[in-house]
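Each remark here refers to the structure printed beneath this line.
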Amino acid sequence: MTDSKYFTTTKKGEIFELKAELNSDKKEKKKEAVKKVIASMTVGKDVSALFPDVVNCMQTDNLELKKLVYLYLMNYAKSQPDMAIMAVNTFVKDCEDPNPLIRALAVRTMGCIRVDKITEYLCEPLRKCLKDEDPYVRKTAAVCVAKLHDINAQLVEDQGFLDTLKDLISDSNPMVVANAVAALSEIAESHPSSNLLDLNPQSINKLLTALNECTEWGQIFILDCLANYTPKDDREAQSICERVTPRLSHANSAVVLSAVKVLMKFMEMLSKDLDYYGTLLKKLAPPLVTLLSAEPELQYVALRNINLIVQKRPEILKHEMKVFFVKYNDPIYVKLEKLDIMIRLASQANIAQVLAELKEYATEVDVDFVRKAVRAIGRCAIKVEQSAERCVSTLLDLIQTKVNYVVQEAIVVIKDIFRKYPNKYESVIATLCENLDSLDEPEARAAMIWIVGEYAERIDNADELLESFLEGFHDESTQVQLQLLTAIVKLFLKKPTETQELVQQVLSLATQDSDNPDLRDRGYIYWRLLSTDPVAAKEVVLAEKPLISEETDLIEPTLLDELICYIGTLASVYHKPPSAFVEGGRGVVHKSLPPRTASSESTESPETAPAGAPSGEQPDVIPAQGDLLGDLLNLDLGPPVSGPPLATSSVQMGAVDLLGGGLDSLIGGPNFVTPPAAAVPANLGAPMGSGLSDLFDLTSGVGTLSGSYVAPKAVGSISMDLQLTNKALQVMTDFAIQFNRNSFGLAPAAPLQVHAPLSPNQTVEISLPLNTVGSVMKMEPLNNLQVAVKNNIDVFYFSTLYPLHILFVEDGKMDRQMFLATWKDIPNENEAQFQIRDCPLNTEAVSSRLQSSNIFTVAKRNVEGQDMLYQSLKLTNGIWVLAELRIQPGNPNFMLSLKCRAPEVSQHVYQAYETILKN
């Protein structure tokens with residue numbers, strides 16, 4: 001009868017019965033009882049109460065019974081350490097038993113009992129077993145040292161066991177050597193600083209000798225140890241390779257992969273000119289091919305390793321393309337991996353074969369596989385230029401099948417082909433546009449939108465196509481929204497007149513209605529670019545794109561070199577270094593390939609630096625501090641100061657608006673208070689040319705002012721009204737404000753006074769007095785003001801355009817004679833003419849309203865029924881502006897001529913006239 005009967009008992013209260021049986025005089029009964037105890041222990045019952053009775057059964061010659069007792073002991077020694085000490089004497093005794101199997105069993109069990117109290121008692125028996133005459137006992141003792149080191153490293157070092165282990169590397173028995181190597185490697189991995197495996201040519205020679213005679217797992221230990229050795233020159237590397245090569249024909253795939261790892265590593269040191277190098281390449285292919293005839297799970301591991309090998313040395317398998325062709329009964333994970341390797345091996349010589357195969361795969365039933373196959377066709381086009389045309393026609397055939405997911409994948413890869421070969425295959429765009437309605441996957445929709453935006457000038461109805469996507473903008477994924485935003489901006493820059501509404505719509509959707517920060521930021525950047533400098537926008541958005549590289553998914557070279565050192569381990573399956581998935585990083589050593597020898601460096605291609613290139617040559621990825629955005633407004637925002645703070649920016653900001661209206665949610669748009677009691681509309685965006693004036697109307701606070709102008713607190717004073725709303729989740733305190741240098745030296749005349757801490761969602765309105773004694777720097781546009789507000793949470797930047805008439809001073813009325821002389825003195829080319837439309841006021845009302853805003857009428861006359869007003873005004877910086885305003889009674893359109901020594905002011909003065917007269 002089998003031992004299963006021990007697991008079927010349903011007795012209650014059997015502990016007492018077992019106790020009696022364990023203490024029986026009959027050997028058979030004892031053995032039966034111990035088996036029952038082990039069965040109970042295995043199914044999870046607590047039989048620790050029988051500990052002393054089971055330990056008593058250790059005194060026996062029966063090997064089977066001894067094994068069972070040792071098994072029980074290993075399980076319960078941790079929970080019963082005091083009891084376990086009772087067993088120490090038996091261990092010591094068993095370590096001197098005439099039967100080597102019992103000696104080995106005792107030393108193996110000793111290593112598994114992880115109890116500190118017992119450990120020191122076991123040192124003596126272990127020392128004897130390490131020097132035992134029987135190799136079976138020695139090899140078991142070698143592994144026991146590694147286990148003991150894990151429990152108490154200091155004890156092992158003090159007792160000198162490590163030196164004994166090192167001596168075992170020179171043992172006459174290959175299995176002892178293998179286990180000694182395994183134990184030392186284990187200890188060395190957990191203590192990387194200790195140089196335990198001090199390998200030299202002599203010890204390597206001993207390991208290579210043992211390699212031929214030990215078991216397969218012993219061979220793996222030795223090969224892994226060899227892989228950590230760095231030969232002193234290419235001669236030694238070649239000699240080791242020659243002795244390791246026979247392992248490639250081993251039946252165990254783990255041995256094969258370990259041998260491949262050693263050879264891949266040492267090939268690094270061999271010159272490519274050597275005949276042996278070519279021979280070795282040929283020898284490496286057959287074992288790798290043989291691995292692919294194993295069961296699917298092993299195939300997958302082999303394929304993941306082959307993927308690394310092919311990236312490092314494609315020449316090894318360049319003639320073996322056919323073995324990677326997919327079989328109908330391969331599991332999907334094997335199919336996808338084979339497909340990946342096929343692309344890596346694709347070359348001009350075999351591309352026809354590969355494409356025929358891929359086209360076949362694209363008609364399979366497995367959706368994931370078909371997608372990958374279609375993508376693979378695109379990757380072939382990018383990798384092998386000669387095949388691009390054939391690939392494109394294959395993709396067009398696949399699009400004609402009208403199978404939805406095939407069409408979508410094809411469009412995604414055609415986008416990449418356009419990037420790689422510009423102005424070559426754009427004739428297929430019409431076919432792609434036909435399939436626009438069937439696209440429902442984000443990646444395919446994004447690719448199609450990119451194509452429409454990029455080639456808008458070739459697609460007559462590009463605006464209609466993009467508009468159709470815009471209808472469901474909020475339902476699209478972020479990837480599609482971002483692509484749509486960029487495409488419409490590209491379209492606008494190519495066809496500005498037809499797509500103005502479209503670009504306004506998308507900018508509004510992206511900035512006002514979206515809660516995605518990436519989308520909002522990109523929207524604001526485009527907005528700033530378009531509104532301040534359309535030429536720069538064109539240079540940025542329509543810049544020449546770099547060609548995409550042949551292989552975008554290659555593993556980064558230094559990581560690849562590290563992974564080659566881990567062939568045959570989990571790291572080579574994950575394609576990640578052990579530090580990425582081993583918790584705690586204990587025992588993780590960064591490995592790298594040995595540096596190339598001098599003789600082979602000349603054959604290295606100039607594009608790839610040698611594996612051992614110094615890190616100093618690496619490109620500097622992290623920008624220097626000076627490049628960072630934070631330096632753009634290098635404002636010294638200390639605590640609030642008593643006098644007006646001075647901007648210390650060393651960088652000319654021009655029109656860069658860092659946050660603009662995007663800040664409205666944190667800080668309301670500022671309202672400037674004008675000196676006269678003129679009411680002014682909120683929308684003050686200045687026309688910027690290129691049909692972009694209305695861009696400013698889309699949101700309050702973006703390049704404009706929100707709110708309205710109110711009467712001054714005192715005559716001639718300028719102040720800025722701020723509405724601060726706390727949208728953060730914590731209280732805001734310690735407010736300070738600072739202006740960047742600006743055209744008219746505007747600066748705060750007093751610190752920003754927020755008297756009480758600002759609680760979440762609380763709003764406070766503040767009036768900040770301004771003066772014009774700050775630092776001056778010409779801005780673009782002239783009335784651009786960049787502001788930074790600081791509090792305990794962060795510094796917030798925004799910019800705004802202020803109306804120029806807040807700077808008109810009260811002593812701006814010029815003497816008549818002076819006016820005439822100055823008008824003649826200013827060159828005619830400085831004269832600018834404007835038309836003010838739809839103004840319902842008569843001459844008297846116009847003169848009166850302008851005077852209240854410090855625009856003074858110097859003289860008035862009537863010429864041929866037209867009223868002519870001659871006016872002067874003066875800015876805070878002393879610039880005089882002279883005006884001639886022609887008013888035809890009954891006609892709401894006025895003509896305005898302006899003359900000024902600084903003609904760039906005229907446009908803003910005209911806007912001030914419009915603002916004052918129309919409100």
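One-based numbering along the sequence shown.
- Screening R304, K335, R379 for a side chain to side chain contact (heavy atoms under 4.5 Å, CB included) with D340, the sole residue that qualifies is R379.
- Residues K494 and L542 have side chains in contact (heavy-atom distance under 4.5 Å, counting atoms from C-beta outward).
- Remark: D330 engages K338 in a salt bridge, criterion side-chain N to carboxylate O under 4.0 Å.
- Using a 4.0 Å cut-off between a side-chain N of Lys or Arg and a carboxylate O of Asp or Glu, K359 and D397 qualify as a salt bridge.
- No donor-acceptor distance shorter than 3.5 angstrom exists from the side chain of Q911 to the backbone of P803, with no hydrogens or angles considered.
- A donor-acceptor contact closer than 3.5 angstrom is absent between the side chains of N784 and E780.
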(request) Would you please test T499 and E501 for side chain to side chain donor-acceptor pair (under 3.5 Å) and show each step? (result) CA-CA 6 Å; T499 55; E501 277 181 31; over 6 Å; no
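- A 4.5 Å side-chain heavy-atom check between D368 and Y405 finds every atom pair outside the cut-off.
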(request) Carefully, step by step, assess R371 and E441 under the rule salt bridge (charged side-chain N to carboxylate O under 4.0 Å, His left out). (result) CA-CA 12 Å; R371 286 173 182 281; E441 289 168 17; 2.5 Å; yes
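- Salt bridge status for K415 with E454: absent, with no side-chain N to carboxylate O gap under 4.0 Å.
- C433 has its side chain within reach of M448: a pair of non-hydrogen atoms, C-beta onward, lies under 4.5 Å apart.
- Judged by distance alone, with hydrogens and angles left aside, the side-chain atoms of K490 form no donor-acceptor pair with the main-chain N or O of L485 at under 3.5 Å.
- You'll find the side chain of S514 stays beyond 4.5 Å of the side chain of L509, heavy atoms only.
- The closest side-chain donor-acceptor pair between S387 and E385, if any, does not fall under 3.5 angstrom.
- Heavy-atom neighbours of K918 NZ from other residues, nucleotides or ligands within 6.0 Å: above the threshold of 12.
- Between the side chains of E337 and N307, a donor-acceptor pair is found at a separation under 3.5 Å.
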(message) Go through it in stages, so that I can follow the logic: the residues are E904 and K778, the test is salt bridge (charged side-chain N to carboxylate O under 4.0 Å, His left out), and I'd like the CA-CA distance, side-chain angles, deciding distance and then a yes or no.
(response) CA-CA 11 Å; E904 58 268 35; K778 186 177 175 186; 3.5 Å; yes
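- Relative orientation of the F369 and Y361 rings is tilted, given thresholds of 30° and 60° on the angle between their planes.
- A distance below 6.0 Å separates the ring centres of Y455 and F418.
- Under 4.0 Å is where a charged nitrogen must lie from a carboxylate oxygen, and between E389 and K424 no such pair does.
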